[in-house]
There are 2 protein chains.
Amino acid sequence: MSIRLKDISDATSFSVNTVSRALRGDPRISEATREAIVRKAEELGYIPNAIAGIMRTNRSRTIGVVSADSSNPFFAEVILGIEEAARKLDHSILLINTEEKAENEREAIKLLLGRQVDGLVVFPVYDDPANLALYRSLEIPFLFAGRRVRGIEDHSILHGDVEGQIEVVDHLLDKGHRKILYIAGPENVSNTVDRLEGFREAYRRRGLEPDPDLLLSSSGHIEDSYAKLNLALNRGREFSAVVCFNDLVAIGALKSLFENDRSVPREVEVFGFDNLAISQFLRPSLSSVDVPKSRLGRLAVEELVAHIEDPEREYRTLRIKPRLVFRETTSDANPQS
Amino acid sequence: MSIRLKDISDATSFSVNTVSRALRGDPRISEATREAIVRKAEELGYIPNAIAGIMRTNRSRTIGVVSADSSNPFFAEVILGIEEAARKLDHSILLINTEEKAENEREAIKLLLGRQVDGLVVFPVYDDPANLALYRSLEIPFLFAGRRVRGIEDHSILHGDVEGQIEVVDHLLDKGHRKILYIAGPENVSNTVDRLEGFREAYRRRGLEPDPDLLLSSSGHIEDSYAKLNLALNRGREFSAVVCFNDLVAIGALKSLFENDRSVPREVEVFGFDNLAISQFLRPSLSSVDVPKSRLGRLAVEELVAHIEDPEREYRTLRIKPRLVFRETTSDANPQS
DNA sequence: GCTTTTAGGATTAACGTTATCCCAATGAGC
DNA sequence: GCTCATTGGGATAACGTTAATCCTAAAAGC
């Protein structure tokens with residue numbers, strides 16, 4: 001059976017209390033005593049029962065992570081940063097996926113609250129009244145990674161969806177493209193809203209109007225994007241550039257373009273968004289908007305832990321700058337730089 | 001503050017015990033009472049304190065997942081299956097990465113034990129005396145997903161590394177290839193050992209000997225594989241096929257081949273292993289050995305939970321059959337089929 | 001009418017920690 | 001030699017839940 005403080009107490013004839021304090025490095029315990037206790041603890045292979053500790057202290061050193069879409073490597077890459085940062089700050093991660101469903105998100109949060117997590121990092125849906133109410137009633141720190149929630153302004157770490165998308169479209173308009181196909185992302189996700197807004201804003205700034213026929217929606221996944229672009233091509237849509245909600249969408253689009261004998265980038269230029277790790281190894285390698293995913297995860301954890309440790313700390317939206325990456329799905333390098 | 005059973009007890013004037021039992025559906029509580037209590041609990045927004053429950057019952061309904069390499073999508077895909085299966089069986093996941101370090105693996109397990117997980121799914125290193133001792137002393141169920149540990153025979157769910165690799169090499173030898181370059185994977189991982197053994201065995205069966213100059217080692221990642229193959233090409237190594245430890249290695253190899261003007265598959269055929277989700281979208285799309293990753297994860301969890309619920313259950317190695325997938329990095333389809 | 005059964009619920013004691021309060025011994029200050 | 005800190009450690013009470021045991025009416029059996 002597993003060793004408890006009591007067992008060390010019995011073996012050393014110090015009280016349980018003293019053993020506990022010795023192992024936690026309480027200065028009130030003499031060096032000699034501490035050493036004897038620590039040695040005995042190691043000898044017995046003592047592993048502290050974290051559950052009991054959490055119960056007593058009401059501090060779990062655990063961060064609940066509510067991820068959105070497990071089939072998108074973007075989240076995996078951010079979560080990698082989260083896990084690493086959490087480990088460095090001596091916290092554990094409890095991970096749940098919502099598959100972008102508002103209800104799953106609520107359930108996940110309740111489950112995590114029940115497990116007494118100290119804080120939450122969430123990839124939330126954009127607009128849901130019940131979720132909004134839940135977040136407003138939350139008594140532990142929470143942060144939104146790379147996304148916004150309608151109605152909650154200050155809990156986000158954003159990576160410039162609007163600006164990033166403006167830059168892409170601006171670049172293409174600069175190069176003379178006037179028929180740009182846009183494949184948008186999943187419903188009710190701020191990234192979709194913001195990137196679409198960026199797309200539109202870039203046109204607006206030049207007094208131009210995007211062609212509604214060249215605006216496709218998608219689930220944000222490869223297969224759906226592939227199907228949607230096939231459909232558009234079958235309907236005879238003409239365009240010289242495809243701007244995609246994310247890299248997965250771009251991968252599906254590339255497949256469709258290839259199968260429909262559209263040469264990339266000669267006839268059609270393609271942009272993704274997110275700059276996944278694999279995108280540089282596609283052929284042609286994918287031009288994209290780089291989002292520092294690992295940094296986003298790290299930042300989220302560091303900021304969250306700061307909030308956990310200082311409940312008075314004020315929330316404010318943090319912003320990371322995105323950066324265009326030009327590869328083989330676009331011709332030439334950035335004309336500006 | 002958060003609502004406890006006590007609060008519901010106060011509000012309904014039933015005892016804490018009755019409230020607890022009513023919420024857990026104990027048959028000894030009358031329907032009327034149960035309903036009143038449940039309604040009040042919902043009204044108050046009661047969220048059970050799982051920590052206290054775990055403390056009392058010594059059952060956490062949590063599975064510790066010790067993953068190996070967070071930068072390899074293979075694990076992400078398996079963990080996806082793990083998470084889904086766990087959720088269906090009403091369990092949570094506690095996830096830690098080891099980055100293939102034996103010591104991290106031990107630390108991860110100790111941390112998870114401290115958190116009172118009910119069982120472990122581990123992607124372990126192959127051969128480490130301290131880890132072996134740790135596993136032997138473990139008092140909770142544990143399973144190795146897709147890997148073996150030297151010295152522990154029955155706790156694995158394997159996916160035919162040896163056979164899969166034999167099949168690949170056999171196929172190539174059938175087609176007349178005699179100069180096959182093999183890029184092996186990371187040290188001290190059973191997959192590396194077994195796939196290499198498969199490679200050798202395929203030669204052995206024909207009374208052939210692989211050329212030691214055509215045997216490269218790698219970390220199992222894109223960049224390293226890319227560098228190693230570049231080096232081999234610079235040294236004038238000649239070969240007509242490259243068999244890779246996994247798909248990431250294959251991606252790096254493809255990049256090197258492309259940059260060195262080796263046409264794939266005309267001059268060089270390439271095989272990966274794992275069949276990552278992205279591999280079908282590479283260009284050329286990658287021929288590989290499909291490992292049912294999601295199923296592996298699901299199976300691991302289902303089997304683990306079976307062990308948790310029946311401590312007497314015997315361990316036995318489970319085996320999943322791999323399947324060759326022929327795509328554009330190999331010429332023709334499978335000659336046999 | 002009395003006892004026995006049973007439904008329905010209350011009391012109480014854990015689970016392993018940690019925090020609060022307490023005490024004994026030692027030594028310093030006068 | 002007395003007081004008073006200081007040091008080092010012990011005793012005890014929580015944390016919120018659940019399990020084991022116990023209680024009490026009312027119904028049922030004779």
Side-chain angles (χ1 to χ4, degrees), chain A residues 1-38 40-41 44-62 110-118 139-140, chain B residues 1-38 40-41 44-62 110-118 139-140:
Chain A
M1 277 302 96
S2 59
I3 307 299
R4 300 154 303 156
L5 289 182
K6 180 76 170 55
D7 300 312
I8 303 175
S9 162
D10 290 348
T12 57
S13 66
F14 288 103
S15 74
V16 169
N17 185 354
T18 300
V19 173
S20 170
R21 291 210 292 228
L23 293 177
R24 279 177 294 140
D26 189 304
R28 294 183 53 186
I29 305 298
S30 72
E31 188 56 28
T33 307
R34 198 188 62 74
E35 207 164 291
I37 289 174
V38 166
K40 185 54 86 177
L44 295 176
Y46 173 67
I47 297 178
N49 184 328
I51 297 295
I54 294 168
M55 169 96 156
R56 181 65 234 256
T57 59
N58 214 20
R59 171 92 201 256
S60 65
R61 300 196 78 79
T62 303
K110 284 181 189 162
L111 191 150
L112 293 169
L113 290 178
R115 295 202 165 235
Q116 313 302 115
V117 296
D118 293 335
E139 289 170 351
I140 59 171
Chain B
M1 280 298 99
S2 59
I3 308 298
R4 299 153 304 154
L5 289 182
K6 180 77 169 56
D7 301 312
I8 303 175
S9 162
D10 290 347
T12 58
S13 63
F14 289 103
S15 76
V16 168
N17 183 0
T18 301
V19 173
S20 170
R21 292 213 292 229
L23 291 177
R24 280 177 293 140
D26 189 304
R28 294 184 51 185
I29 304 297
S30 72
E31 188 54 27
T33 306
R34 199 189 60 75
E35 207 164 292
I37 289 174
V38 167
K40 184 56 84 177
L44 295 176
Y46 173 66
I47 296 178
N49 184 328
I51 296 296
I54 294 168
M55 171 94 155
R56 182 62 236 260
T57 60
N58 214 21
R59 171 92 200 256
S60 65
R61 299 196 78 80
T62 302
K110 283 183 189 161
L111 191 148
L112 293 169
L113 290 178
R115 293 198 168 240
Q116 312 302 115
V117 297
D118 294 334
E139 289 169 352
I140 59 172

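In what follows, chains are A, B, ... by sequence order, proteins preceding strands, each numbered from 1. A quick note: this is a predicted structure, and the numbers were derived from the prediction, not measured.
- In this structure, B:T57 does not reach the D:dT18 phosphate: none of its side-chain N or O atoms is under 4.0 Å from OP1 or OP2.
- Checking D:dT21, D:dG16, C:dC21 against the side-chain heavy atoms of A:R21 singles out C:dC21 as nearest.
- Residue A:Y46 has no polar side-chain atom (N or O) positioned under 4.0 Å from OP1 or OP2 of C:dG16.
- Scanning all heavy atoms of the two residues, the minimum distance from A:K40 to A:I8 falls at CG-CG2, 4.3 Å.
- Across all strands shown, A:R24 has heavy atoms under 4.0 Å from sugar-phosphate atoms exclusively, and none from any base.
- Straight-line distance from the CD1 atom of B:I3 to the P atom of D:dT17: 10 Å, rounded to whole Å.
- Residue contacts shown for B:S30 are limited to sugar-phosphate atoms, with no base heavy atom under 4.0 Å away.
- For the pair B:S9 (side chain) and B:F14 (backbone), a donor-acceptor distance under 3.5 Å is present.
- For the residue pair B:R34 and B:S30, no side-chain donor N or O sits within less than 3.5 Å of a side-chain acceptor on the partner.
- Here C:dA14 presents its P atom at 13 Å from CZ of A:R4, a figure rounded to the nearest Å.
- Among the atoms of the strands shown, only primed sugar atoms or phosphate atoms (P, OP1, OP2) are found under 4.0 Å from some heavy atom of B:I29.
- In terms of phosphate contacts, B:S20 brings no side-chain nitrogen or oxygen within less than 4.0 Å of OP1 or OP2 of D:dT17.
- Across the protein-nucleic acid pair, B:I47 atom CD1 and D:dT17 atom C1' stand 16 Å apart, rounded to whole Å.
- Toward the 5' end of DNA chain C, the nearer of the two residues B:R34 and B:A52, judged by each one's closest nucleotide, is B:R34.
- Here D:dT12 presents its C1' atom at 11 Å from CZ of A:R56, a figure rounded to the nearest Å.
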Inset, instruction - Could you walk me through whether B:D7 and B:Y46 pass the side-chain contact (heavy atoms from CB on, under 4.5 Å) test, one step at a time? - result: CA-CA 9 Å; B:D7 301 312; B:Y46 173 66; over 6 Å; no
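- Put simply, the side chain of B:T62 never gets that close to the backbone of B:V117: no donor and acceptor are under 3.5 Å apart.
- The interatomic distance linking A:I54 (CD1) with D:dG16 (P) rounds to 14 Å, in whole Å.
- What separates CG of B:N17 from C1' of C:dT12 is a distance of 10 Å, to the nearest Å.
- The distance between atom CG of B:D26 and atom C1' of D:dA20, rounded to the nearest whole Å, is 13 Å.
- Atom CE of A:M55 and atom P of D:dA14 are 13 Å apart (whole Å).
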